[in-house]
Amino acid sequence: MTDLPTLETYLATHPGSPATAEALLHIGRACVEISRAVQLGAVGDHLGAAGATNVQDEEQKKLDVLADDILGQVLERCASVAGYASEEREHVELTGRSGGVLVLFDPLDGSSNIDVNVSIGTIFSILPAPDNGTPTTESFLRSGRHQLAAGYAVYGPQTVLVITVSAEVAAFTLDAEGVWRLTHERLRVPTETREFAINMSNQRHWAEPVRQYIAECLQGRDGSRGKDFNMRWVGSMVADVHRILMRGGVFLYPWDAREPSRPGKLRLLYEGAPMALLVERAGGAASDGQRPLLDVEPTSLHQRVGVVLGSAAEVSRLAA
Ligand code: AHM
Ligand code: MG
């Protein structure tokens, strides 16, 4: 299938600034390198703990650190990137350039699945850099609506890169030569679904509307929904969102009472917002539980957010 268009050809024929395209090509290259390390696993001595914690007080895995290093090095070399921010770094990094774009990323999403050979991924968001002068941390604090592009790579049975740079969401599969080939030109999330994804072990901590929503799904055809639901929970947001983009469903990581002052577990700028843009562009919906997730105004780099995304009918039912 070597006649399938490459990422390069796709970007050359889809709207988006040259700076955004350049950044996406670099991110694509970094993801190929990360996928090689993921595939090597224990043979490359890539499994296990790194022996450090990140700014979120989470124990870093070796692959979290390696993926973060790879993306950092690749973006430093990308002429259109003025700065970048990572889940694994406390502060933003500036490249010394101005103009172009800013990149935010979760280098290795699904860290708890690394050592057990379950799908993991990389999530990224691209924002405009200020036209003049050096970016500051505030330059990165833009709502999801300002994103120029967003996407993720999922390291699963196949390595797949999903991006949105125009009105469409496209998926590319990594071929044997390490080239991204366009395999899904226009992903669409079905409006209706019978599948939900939530970490059920947190049930006792949920807010009442979430309890009620899931209780109704569980009642299936005997309850008010009048249809049976199925549950899937990978524990890697990339893999759960990928399933939803491919066949529909709803994903929830809502606020819960374990840490009442936090809006949720997932991070707004490099997890919630890019996934929300992909899902909205694919005809689905994304909410923080109260308003469109893309409208949430960030006030800090590692800010958390409640996430409900997927099939539009389910997201609006829960938000209501
Ligand atoms: P990570 O970025 O440190 O891997 O954390 C985010 C992950 C998501 O991929 C996933 O949806 C969630 O954490 C699962 O968390 P938990 O197992 O605590 O419910
Ligand atoms: Mg993550």
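As the structure lists them, so they are numbered: ligands from 1, and atoms in each ligand from 1.
- No single ILVMFWY cluster, assembled from side-chain heavy atoms under 4.5 Å apart, contains both V238 and V118.
- Looking at D106 and the Mg ion (ligand 2) together, the shortest N, O or S contact belongs to OD2.
- When the shell of 6.0 Å around CG of D295 is examined, it contains more than 12 heavy atoms from other residues, nucleotides or ligands.
- With respect to the Mg ion (ligand 2), D109 has OD1 as its nearest N, O or S atom.
- Checked against the Mg ion (ligand 2), the N, O or S atom of E271 at the shortest distance is OE2.
- Residue contacts with ligand 1 include L266, since one of its heavy atoms falls under 4.0 Å from the ligand.
- We find the CG-CG distance between L266 and D109 to be 7.5 Å, quoted to the nearest 0.5 Å.
- In terms of protein heavy-atom proximity, atom 6 (C) of ligand 1 is nearest to D109 OD1, 3.5 Å.
- Which parts of ligand 1 touch S111 is read off a 4.0 Å heavy-atom cut-off, strictly below it: atoms 3 (O), 4 (O).
- Ring geometry, F105 versus Y84: the interplanar angle falls under 30°, so the pair is classed parallel (tilted spans 30 to 60°).
- Here N199 has side-chain heavy atoms under 4.0 Å from ligand 1, and that is the only part of it that gets that close.
- None of the N, O or S atoms belonging to E87 lies under 2.8 Å away from the Mg ion (ligand 2).
- Remark: ligand 1 and G110 share an N or O pair separated by less than 3.5 Å (distance only, no angle test).
- Counting heavy-atom neighbours within 6.0 Å of Q290 CD, excluding the residue itself, gives a total of 12 or less.
- Atom numbering of ligand 1 starts at 1 in the shown order; those under 4.0 Å from a heavy atom of E271 are 2 (O), 6 (C).
- In the model, Q60 has no side-chain atom that pairs as donor or acceptor with a side-chain atom of N54 under 3.5 Å.
- With a 4.5 Å cut-off on side-chain heavy atoms, I114 and H46 do not count as touching.
- Within the model, atoms CD of Q303 and CZ of R267 stand 12.5 Å from one another, a figure rounded to the nearest 0.5 Å.
- Going from atom CZ of F251 over to atom CG of L245 covers 12.0 Å, rounded to the nearest 0.5 Å.
- Between G235 and ligand 1 there is a heavy-atom distance shorter than 4.0 Å.
- Closest heavy-atom approach to atom 12 (C) of ligand 1 among the candidates K265, R267, K61, M237: K265.
- Of the polar atoms of N202, none of the N or O atoms is found under 3.5 Å from an N or O of ligand 1, judged by distance alone.
- The distance from the OG atom of S125 to the CG atom of L148 is 8.5 Å, given to the nearest 0.5 Å.
- The N/O atoms of D106, backbone and side chain alike, include one that comes under 3.5 Å of an N/O atom in ligand 1.
- Residues L24 and F124 meet the side-chain proximity criterion, which asks for heavy atoms closer than 4.5 Å.
- No heavy atom of Q56 sits closer than 4.0 Å to any atom of ligand 1.
- Using a 4.0 Å cut-off to heavy atoms of E87, the atoms of ligand 1 that qualify are 1 (P), 2 (O), 3 (O).
- Taking every heavy atom of S236 and a limit of under 4.0 angstrom, the matching atoms of ligand 1 come to 9 (O).
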